[in-house]
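Below is one structure; the comments refer to it alone.
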Amino acid sequence: MLTRSFCCFRGLSVEAEAMLWRRGCLSWRHLGIEARRVLSPAKSASVIEQLPLFKTALEARSADFFVGRLPAGHRLRIFPAFVQDAAFLDIETTGLSRQAVVTVISVLQNGKMQTFVRGRNLHDFIQVWQGMRVVLTFNGACFDLPFLMREFGFSCKPAHIDLKHEAKCWGLRGGLKEIESRLGYRRTDIESGDGEKAVELWETYEMTGDAIHLQKLIAYNTCDVRSLELLARRIWKLSCQNYPAPHPAS
DNA sequence: TTTATTGGGGAAACTGGCGC
DNA sequence: GCGCCAGTTTCCCCAATAAA
């Protein structure tokens, strides 16, 4: 899928990419051969110059390279190539203010869910973060990632895909729970709630020490993370509908 | 309620095609 | 080869957005 994408090239828009597909150019390899025929001299020279960079980035599994170049709504094109490196992440905090702290972090990677809890194993998350190549969140660009950068003092971050913006491009507007509902996903009682309830659960757990409140908070948090994976797969399927079939010789 | 980031819209810059 | 026009791409700024 990624090697059929041209809108990640500088100078080629999504519309230009569709034109190339219509003209029978269905892979980077074909573009390299056909560029002079299907593009203007200046554009073809630019594309031919960029092609080795793209091949090198794919071989080096540089997700950041592609995420930074693909336009919104098309970043999940990297999903098949980087699915093994993809980490779905969601956090809970004590609120929204600058004084708020992270209470729970859940990460789903390669089908394995890991949860980190303040006062228990929160700092084990640092090692997981350092091993991440691609992280997928919902509104993480504005919330989860800035929070984590502040909490742990991280100076760099993995390639990041914010599913809020990807979903919006495919007509899926609103919050994660609203989108879940529209897609027909159903939560159990223990998994349902909202951010404010998550704050209350943590406060009650801290006050009483009763583990049942923490269990509910973790259930809510991990459910959010599983939803992220379902949402990513749904958006990816939607984007595939507009994709040309692979060229027989590509 | 606070926060930071992003997309969208408009303007500017660039490119290609066409006629002379 | 030059100039004009139309289409495409890039850049910048601000409103919208969703998180706990």
Side-chain angles (χ1 to χ4, degrees), chain A residues 6-20 22-23 35-47 49-50 67-76 88-106 116-118 122 135-151 154 157 159-182 191-206 213-214 216-225 227-228 231 235:
Chain A
F6 306 129
C7 59
C8 42
F9 284 74
R10 186 168 176 84
L12 296 182
S13 64
V14 174
E15 289 76 19
E17 176 185 72
M19 177 275 292
L20 287 168
R22 284 195 299 273
R23 292 185 180 184
R36 287 185 182 86
R37 182 179 65 85
V38 295
L39 293 169
S40 66
K43 280 267 166 69
S44 66
S46 168
V47 164
E49 192 183 320
Q50 293 176 68
V67 170
R69 283 169 173 77
L70 285 162
H74 301 276
R75 294 186 182 126
L76 281 169
F88 298 91
L89 178 145
D90 188 51
I91 69 171
E92 305 304 330
T93 72
T94 55
L96 290 167
S97 70
R98 280 187 165 274
Q99 289 74 39
V101 294
V102 176
T103 56
V104 176
I105 306 169
S106 289
F116 306 91
V117 179
R118 185 168 205 85
L122 196 67
V135 61
L136 295 97
T137 65
F138 194 90
N139 199 35
C142 297
F143 183 76
D144 302 63
L145 265 57
F147 238 106
L148 291 173
M149 305 292 272
R150 201 163 61 230
E151 174 90 29
F154 295 137
K157 56 186 174 186
H160 175 228
I161 299 175
D162 193 329
L163 295 176
K164 182 182 87 172
H165 303 298
E166 301 303 305
K168 193 176 162 188
C169 292
W170 295 99
L172 298 167
R173 288 170 171 267
L176 181 61
K177 278 83 180 172
E178 188 185 333
I179 293 173
E180 270 180 35
S181 170
R182 284 169 61 190
E191 292 167 338
S192 60
D194 57 25
E196 283 185 58
K197 185 193 162 191
V199 174
E200 286 171 22
L201 282 169
W202 178 259
E203 286 172 352
T204 312
Y205 163 68
E206 283 228 295
H213 302 292
L214 179 61
K216 282 183 181 176
L217 179 59
I218 291 172
Y220 168 71
N221 184 236
T222 54
C223 185
D224 271 0
V225 175
S227 280
L228 292 181
L231 177 60
I235 295 168

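Below, each value reflects all heavy atoms present in this structure, side chains not excepted, and no hydrogens, waters or symmetry copies. Chain identifiers are assigned alphabetically (A, B, ...) following the order of the sequence lines, protein sequences preceding nucleic acid strands; residue numbering begins at 1 within each chain.
A salt bridge between A/Arg118 and A/Glu151 is present, with a side-chain N of the basic residue lying under 4.0 Å from a carboxylate O of the acidic one. By the 4.0 Å N-to-carboxylate-O rule, A/Arg75 lies too far from A/Asp162 to be salt-bridged with it.
Residue A/Arg10 places at least one side-chain N or O closer than 4.0 Å to OP1 or OP2 of C/dC11.
Residues A/Ser46 and A/Gln50 have side chains that bring a donor and an acceptor to within less than 3.5 angstrom of each other.
Across the protein-nucleic acid pair, A/Leu70 atom CG and B/dG7 atom P stand 12 Å apart, rounded to whole Å. The separation between A/Leu20 atom CG and C/dT9 atom C1' is 14 Å, rounded to whole Å. Whole-Å rounding puts the A/Glu151 CD to B/dT3 P distance at 17 Å. Put simply, CZ on A/Arg69 is 17 Å from P on C/dT9, counting in whole angstrom units.
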Could you walk me through whether A/Leu217 and A/Tyr205 satisfy the side chain to side chain contact (heavy atoms under 4.5 Å, CB included) test, starting with their C-alpha distance in whole Å, then the side-chain angles of each, then the deciding distance to 0.1 Å, before giving a yes or no? CA-CA 9 Å; A/Leu217 179 59; A/Tyr205 163 68; over 6 Å; no

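For the side chain to side chain contact (heavy atoms under 4.5 Å, CB included) test, residues two or more places apart in sequence or in another chain that qualify with A/Cys8 are A/Ser5, A/Phe54, A/Arg69, A/Leu70.
Of the inter-residue distances, the one linking A/Phe88 atom CZ with A/Ser227 atom OG reads 11.0 Å to the nearest 0.5 angstrom.
Mapping A/Arg150 and A/Ala72 onto DNA chain B by nearest heavy atom places A/Arg150 closer to the 5' end of the strand. In terms of position along DNA chain B, the nucleotide closest to A/Pro146 lies nearer the 5' end than the nucleotide closest to the other residue of the pair A/Leu39 and A/Pro146.
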Quick one, give me the B/S/- string for nucleotides 14-20 of chain C, reading 5' to 3', where B means a protein heavy atom under 4.0 Å from the base and S means that only happens at the primed atoms, P, OP1 or OP2. ---BBBB

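Counting non-hydrogen atoms under 4.0 angstrom, A/Ala100 reaches nothing in the nucleic acid.
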